[in-house]
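One structure is given here, and the rest of the page talks about it.
Atom set for the values below is all heavy atoms of this structure, side chains included, hydrogens, waters and symmetry mates excluded. Remember, it's a predicted structure, so these values are computed and weren't measured experimentally. Here is how names work: the chains are called A, B, and so on, in the same order as the sequence lines, proteins then strands, and each is numbered from 1.
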Amino acid sequence: MALEVMAQAAAPIPLDAVFRVASGELLALVGHSGSGKTTLLRTIAGLWRPEVARVSVDGQAWLDTAAGVNLPPHRRRLGVVFQSYALFPHMTAAQNVMAAMDAPDPAEAGRILDLVNLHGLAARRPAQLSGGQQQRVALARALARRPRALLLDEPFSAVDRGTRERLYSEVIALRAHLNMPVVLVTHDVNEAQLLADRMAVIEKGRILREGTTAEVMSDAQALRAMGIREVAVMLPATIAGHDADGLTRLETAAGPLYLPAVAGRPGAGVRVRIMAHEVILSRARPEGLSAQNILAGTVMRIVPGKGPAVTVHVAVGGHEILARITRRAVEQMALAPGDPVHAILKTMSVARDHVAQAPAGQWQAE
Amino acid sequence: MDWTALFLSLRLAGWTVVILLPVSVLAGRYLAYRQFRGKGVVEALVMLPLVLPPTVFGFYLLVAFGRGSPIGQWWQEVFGSQLVFSFQGLVVASIIFNLPFAIQPAQRGFEAVATELREAAACCGLSPWRSLWKVELPLAWPGVVTAMVLTFAHTLGEFGIVLMVGGSIPGETRTIAIAIYDRVQAFDDRSAAVMSLVLVGISLFTIALTFWLSSRLGRRLS
């Protein structure tokens, strides 16, 4: 039960990629524009045919250039959310959703619209909906087809940041209902890390690095293509309380963590994305420091890179935090695996959209 | 007032529209979405009736439809009547000289439907025919309506080609435009004026209808 893709092409964009997405798994194809990630998505959908390619779902071939199989898009049971949503402007939200059903059923359309939090907006046309609402209709329409694979092409790029944060939470919550392979194409590494189980970094049509989100996001070499400052980890935490001065106190396995106001009730689980280049390391527990978060841990590994920087993996309370620091600093501090160390994180260095609600079920594993 | 001529013109325009409607939709859509070798030549050929002088175009049709031509002979064998100087001949000529009016606006209409919407329709499981019916036509409709209105109005008013191919046989090929010319030749200015006024009325009505239809459609989409 999986989506399997192999694609090779020389033009118009070089392509040489193989990947597999299991049912219920979300794979993010991450790359700059022109990297070929959207072309891979269009190959799966049947909107483009590379010279040599094979696309199969649960073992059934949708496209197999060697065997001469090439189902047209309408014969591939898939859901696609387009970057600009591509909603049918002459239809209401409900009609858009029903257009993707084998047997149009208004009650079912209403149920799916409820699922994406569009209750009461079924009779509106796309022009009467906000960007975020249109995005939800597009998602509802994609799900209405009961797809065997769900494809999301930069689905959050056209909405403002506040809306995007809400949509992230909704998609994370919706994951419990999605038992098909999901492919998310995005250029936003933060988005990929918040939403995806696995990631593939695409550059010039090739997969530079593929693995679990945690693996890929700790690999500075692989992320070089996306900008070196993207190395980051997701730290699970629980909201402990909201302080009067606007800070939220989170409880983590490594100790308390103070962040700028995080939405959610005390007790709610969240995941915090900690950027490695924002973390400072100190041997002694520093005092008289403005930074609010000092987490005690142990150096596990020191991974050198090509440039002057290294990635230090620090174990804090059973989790891992990464710090991008200079090779010179490592030498000055004489850091070695096994050394006790303090990871220091400025409260204000965690952006609001780098905090996501914790997913349910299997997703906790990370 | 030559009512026979008016009804003949309306009948001719009606048949032309009925036959050209599917041609307009299919050819317009094909030219809008497909890229192929010689597309420019095809588009130029479709536009040709627009630039040829009607008498020149009518002359060629007369030669092509005549009893000496393969088309004329074939028609004679199959239908047992001649194509020139007959109502059927007028319909065939009318279809040909209206091709640019029937295809061009429809093509523009289909071109206005975003590629992404057609891709979305396919990804929603709509076959090409259902996509045409449910997504493309509702959006390209103003272009198709414009095409049909232009075809209708242009058929009512065409003079040169009709005269060359059909002559002026009452009840068979004498359209209202030719009847007006006949009346003027006979110094019957009053009849000519009445018939001209009727044509003006019909033209105004069809244009008003198009505007109303497309504004209604515009409202529906916004």
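Contact annotation for residues 155-163 of chain B against chain A (heavy-atom separation below 4.5 Å): no residues qualify. When the heavy atoms of residues 95-117 of chain A are compared with those of chain B, the residues falling under 4.5 Å are Ala99(A), Ala100(A), listed by number. Of all residues spanning residues 98-132 of chain B, those with a heavy atom less than 4.5 Å away from chain A's heavy atoms are Glu116(B), Leu117(B), Glu119(B), Ala120(B), Ala121(B), Ala122(B), Cys123(B), Cys124(B), Gly125(B), Leu126(B), Ser127(B), Pro128(B), arranged by number.
Within the 4.5 angstrom heavy-atom criterion, only backbone atoms of Leu87(A) (N, CA, C, O) approach chain B. For Leu47(A), the part lying near chain B is the side chain, with the backbone staying farther off; criterion is any non-hydrogen pair under 4.5 Å. Heavy atoms closer than 4.5 Å to chain B are found in the side chain of Arg145(A), but not in its backbone. Looking at Arg42(A), only its side chain comes within 4.5 Å of chain B, counting heavy atoms on both sides.
Enclosure of atom CZ in Phe211(B) is not indicated, since only 12 or fewer non-hydrogen atoms of other residues, nucleotides or ligands lie within 6.0 angstrom. For Trp48(A), the CH2 atom is densely surrounded, since the number of other residues' heavy atoms within 6.0 Å is greater than 12. In the displayed structure, Lys204(A) atom NZ is contacted under 6.0 Å by at most 12 heavy atoms of other residues, nucleotides or ligands. Crowding of Phe87(B) atom CZ: a count of heavy atoms from other residues, nucleotides or ligands under 6.0 Å exceeding 12. Counting heavy-atom neighbours within 6.0 Å of Arg77(A) CZ, excluding the residue itself, gives a total above 12.
Residues Leu139(B) and His90(A) come closest through the heavy atom pair CD2-ND1, 3.6 Å.
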Mind listing the side-chain donor-acceptor pairs of residues 46-57 of chain B below 3.5 Å, one per line with the distance, residues two or more places apart or on another chain?
none

